[in-house]
Amino acid sequence: MKRPALWLLGVPLLVVVMAAPLARAMIAAHATPRLQVPQGWPAPRYDFAGNPVTAAGFALGRRLFYDPILSRDGSVACGSCHQQFAAFAHLDHRVSHGIGGVNGKRNTPGLFNLAWQPDLMWDGSVHHLEMQPVAPMSNPVEMGGSLALAVDKLRRDARYPELFARAFGSPGVDSQRLLRALAQFTGTLVSADSRYDRYVQGREAFTPQEHEGLDLFRQHCAACHREPLFSDFSYRNNGLDAAPRDAGRAVISGRAEDQGRFRVPSLRNVALTAPYMHDGRYETLEQVLDHYAAGIQPSPTLDPLLAHGVPLTAGEREALLAFLDTLSDENFIHDRRFAETHD
Amino acid sequence: MKRKMNLAARRLAAAWLLLLAGCGHGAAQGGLPLRIEISHVVGDAPLQLGDSYKTAAGDVWSAERLRYYLSNFRLRRADGSWFVNPQSADSSRGYFLVDEADAASKQFQIGPLPAGTYSGIEFLVGVDATRNGAGAQTGTLDPARGMFWTWNTGYIFFQFEGHSPQSSDAEHALTWHVGGGTGAPARSVFLQFQSPVEISAENSAELHLHADLARLFDGAHVLHPATQPTAMDAAASAEVADNSAGLFRIDHVHKLPKAGLAAGL
């Protein structure tokens, strides 16, 4: 009677001892983000089935994102323009500021929920998340190099060949692995934990002013900035210029009716991603609301929804601004897994 | 450890698939690969990079660079059915990048083909839409090879760069890049064999294709360097794309014994 009982006591002990490495592996796995589809969201467009996220693959992607080795002269990293505290936009930079201090012509957007975007960039010029890094890497005013150059530098680096082998299970550094590792990082940047999200899930209450702001938003803005991603991913002209200097979507589609149209940007984290619009012309959300209230410029491609602007009373303005503040995801911008200096 | 086992398991599965595919398509039915060799010509003379040539309208041109993709090969059987050359999502098998400056790129094999009688061959000049939008690729489709547009992502299907005194561009450059986009698929080419081609367990064939660059200017469309010195997007290069598909003809086909294939003759 006694002996079997004693023996049995040893079993859980043995299990614990044996399970320790397993538990450690599970914690490590937990530190690697997975693409979880938040409740009520559509299915993602980027399919991780062809590029399964692993701890080593994600860590490699993060390291590459913050490493200026991807630029021609080793001076600019993805993370130089995409800063986590600004939800991966470029704080205070009207347009991008790249290699040799040269300015580009478009504003750096925040990076989050990219796996849901059908196309990328303000004009939708990039059709696949994995192919996006080829654009900044070979842009003379961003990173100034080329994909071939970056692969060559990584192959000759002391650390990277081993990190690539660990991430992909066999030796070899090539552009496909580079692009897939970066996609494991950029594709898992999910921002879905703002006060707005917690309100929608019934986990947190809104103030009456925030409530009013949400109602106004749904009335005037949500047709384009559609919930839950706060964009319908269409290309539209929101009346910035009567004669647009940047043709926008028309460059890609070749169609006159796309002159001055740009992708409707997500408004998640919008209070953190100033300045605003494709050319970063507005520094504050107040200026953006001024634009929608009284600054709409008529043109042949102006979206009909904005033909009469969105005039608001002073109180409504405050309410709308209070609501836009609820879209900031503090947990996302402080998530250590996405940080340059991580755990 | 776990990952290693997964990998081993995946490799085993892949090996099985290959074996099965091999059985179904070629080996069991005694087929052999078909060899294709491409020569770039102007009229009847071999193209020389840097040499000057004249169009029917009297425009003068020279080529410095000529690169293009060929893919999605199919062979038509005498009974009207098709043999579809296998392509794999995991590699660039079946996608060929032809480069005038690289002799090895102008000779390649497709198949193995099941034994049978074939009456013609079809292929795309470029990359099919599915693969064009499929994300990071390797091998001939590696975007680091420079046959890739970053300003509107997708492959450059056909790239011709040269000079013409008639070109109004800086340094009289002539730059024609064809690529895909919505409503601009890769052009398809079908070439009928003059006489049926037999593939058996003992004998394959070598197909000599000529791509006549004179037809790039005097093709379905007549193109003038003066009015069209550059074509760098799908809309502007539509006529170049049409003409690129009209370059190809079968110069001759000859029998290739199995031993010759193995020896790489």
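Letters A, B, ... mirror the listed sequences (proteins, then strands); counts begin at 1. Remember, it's a predicted structure, so these values are computed and weren't measured experimentally.
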Region of A/S146 in contact with chain B, defined by heavy-atom distances below 4.5 Å: neither

Sidechain N-carboxylate O distance under 4.0 Å for A/R156, A/D152: yes

Considering the options B/V125, B/V127, B/L124, which one meets the side-chain contact (heavy atoms from CB on, under 4.5 Å) requirement together with B/L70? B/V125

For A/Y46 and A/F48, I'd like to know if the aromatic rings sit close, meaning centre-to-centre distance below 6.0 Å. yes

With B/H163, which of B/H172, B/E171, B/E64 fulfils side chain to side chain donor-acceptor pair (under 3.5 Å)? B/E64

Rounded to the nearest 0.5 Å, what separates atom CG in B/N85 from atom CG in B/L75? 8.0 Å

Neighbourhood of chain A inside residues 128-154 of chain B, taking heavy atoms under 4.5 Å as contact: B/G133, B/A134, B/G135, B/A136, B/Q137, B/T138, B/D142, B/P143, B/A144, B/F148, B/T150, B/W151, B/N152, B/T153

How are the rings of B/F248 and B/F123 set to each other: parallel, tilted or perpendicular (split at 30° and 60°)? perpendicular

Side chains of B/D169 and B/L174, heavy atoms from C-beta outward: is any pair under 4.5 Å? no

A/Y66 vs A/F185 aromatic rings, parallel, tilted or perpendicular, using cut-offs 30° and 60°? perpendicular

Taking the six-membered ring where the residue is Trp, are the ring centres of A/Y235 and A/F262 under 6.0 Å apart? no

Quick one: sort the A/F65 and A/H82 rings into parallel, tilted or perpendicular, breaks at 30° and 60°. tilted

Contact residues of residues 122-137 of chain A (partner chain B; heavy-atom separation under 4.5 angstrom): A/S125, A/V126, A/H127, A/H128, A/E130, A/M131, A/V134, A/A135

